[in-house]
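Step one of this worksheet: look at the structure below.
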Amino acid sequence: MEKIDSLDKKILEIISGNARIPFKDVASECGVSRAAIHQRVQRLIDLGVIIGSGYHVNPSSLGYTTCTYVGITLEKGSMYKGVVEELMKIPEIVECHFTTGPYTMLTKLYARDNAHLMELLNNKMQEIPGVIATETLISLKQSIKKEVPIGMPDEKSE
């Protein structure tokens, strides 16, 4: 992988805090030209360092008031791919991870309320062939949401 230098890290810190910030403002804060910022950002996209941008939708504004993590135990770990294909068909599931520990998989989903959550669990997730158990953890409040640290010293990229 190509080197990520201190200017790249500074740009990443700025734009990860506000993806809508104009490049001219980033350039001003970094002390370089707008063209240099544009080139650097494009390079970071091409390298796969920046993997997306966009808007974040507040789930509760759409009526999804219950954020839930569901640990899923599979009959066999080799069933993962097929189960993921079925989970993809459930629009309320926003994340899925193949994990170590007590669960084979961990999903994050949003439900309108507890009745909707029960419907998702009993009539959709637990009906998928290979799913032998689920454990539900309801998030009462999200206290931290941030990106990985960018400005940390890293011997490989300096």
Side-chain angles (χ1 to χ4, degrees), residues 1-4 8-23 26 37-152 154 156-157:
M1 179 170 202
E2 287 190 41
K3 290 178 92 171
I4 305 298
D8 291 329
K9 288 181 181 181
K10 187 168 186 174
I11 292 167
L12 288 169
E13 284 180 20
I14 295 167
I15 65 175
S16 67
N18 176 7
R20 296 175 62 185
I21 189 169
F23 280 177
V26 178
I37 297 300
H38 179 74
Q39 289 170 348
R40 291 287 185 124
V41 168
Q42 189 57 55
R43 184 174 135 280
L44 292 168
I45 291 169
D46 293 343
L47 290 173
V49 175
I50 297 174
I51 55 173
S53 64
Y55 299 100
H56 297 282
V57 176
N58 179 354
S60 64
S61 70
L62 300 175
Y64 295 98
T65 58
T66 303
C67 175
T68 307
Y69 294 87
V70 179
I72 300 172
T73 304
L74 299 182
E75 187 179 327
K76 295 185 291 188
S78 62
M79 301 177 93
Y80 176 77
K81 186 177 178 182
V83 172
V84 168
E85 289 173 9
E86 293 303 310
L87 292 172
M88 289 285 294
K89 297 174 184 175
I90 304 170
E92 293 88 350
I93 296 175
V94 297
E95 290 184 28
C96 178
H97 303 267
F98 193 30
T99 62
T100 62
Y103 314 116
T104 313
M105 307 168 77
L106 185 65
T107 61
K108 179 180 179 181
L109 64 87
Y110 288 96
R112 291 185 298 277
D113 52 32
N114 287 348
H116 183 215
L117 175 59
M118 195 164 77
E119 161 75 17
L120 292 169
L121 291 168
N122 294 343
N123 299 330
K124 293 195 177 180
M125 297 177 80
Q126 293 171 351
E127 293 295 316
I128 297 171
V131 173
I132 58 171
T134 61
E135 185 171 345
T136 306
L137 305 152
I138 295 175
S139 172
L140 301 175
K141 179 181 180 178
Q142 178 177 306
S143 302
I144 299 173
K145 181 178 172 86
K146 60 183 181 179
E147 295 296 321
V148 295
I150 295 165
M152 300 297 290
D154 179 36
K156 294 179 186 173
S157 59

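- Using a 4.0 Å cut-off between charged nitrogen and carboxylate oxygen, K3 and D8 do not count as a salt-bridge pair.
- In this structure, the side chains of T68 and T107 stay at 4.5 Å or more apart for every pair of heavy atoms.
- Within the 4.5 Å cutoff, side-chain heavy atoms of Q42 are placed close to those of I45.
- Annotation for S61 and N58: closest pair OG-O, 2.6 Å, computed over non-hydrogen atoms.
- Rounding to the nearest 0.5 angstrom, the gap separating the NE2 atom in H116 from the OG1 atom in T65 is 10.5 Å.
- Each of V131, T99, V83, T73 was compared with M105 under the side chain to side chain contact (heavy atoms under 4.5 Å, CB included) criterion, and only V83 meets it.
- Counting heavy atoms from C-beta outward, Y103 and I72 have side chains that stay 4.5 Å or more apart.
- Considering CD of E85 and CD1 of I128, their distance stands at 11.0 Å, rounded to 0.5 Å.
- Here the rule is side chain to side chain contact (heavy atoms under 4.5 Å, CB included) with L109, and of L87, L120, I90 only L120 fits it.
- Annotation: side chain of T66 is not in contact with side chain of Y110 (no heavy-atom distance under 4.5 Å).
- Considering all non-hydrogen atoms of both residues, K108 and C67 come closest at CE-SG, 3.7 Å.
- Of all non-hydrogen atoms in S16 and E147, the two that sit nearest each other are CB-CG, 4.0 Å.
- Taking OG1 from T134 and CD from Q126, the interatomic distance works out to 3.5 Å, rounded to the nearest 0.5 Å.
- Heavy atoms from other residues, nucleotides or ligands lying under 6.0 Å from CG of L62 number more than 12.
- Contact check for I138 versus L117: side-chain heavy atoms found under the 4.5 Å cut-off.
- Going from atom NZ of K124 over to atom CD of E86 covers 11.5 Å, rounded to the nearest 0.5 Å.
- A distance of 13.0 Å separates NZ of K10 from CD1 of I150, quoted to the nearest 0.5 Å.
- The distance from the NZ atom of K76 to the OG1 atom of T104 is 12.5 Å, given to the nearest 0.5 Å.
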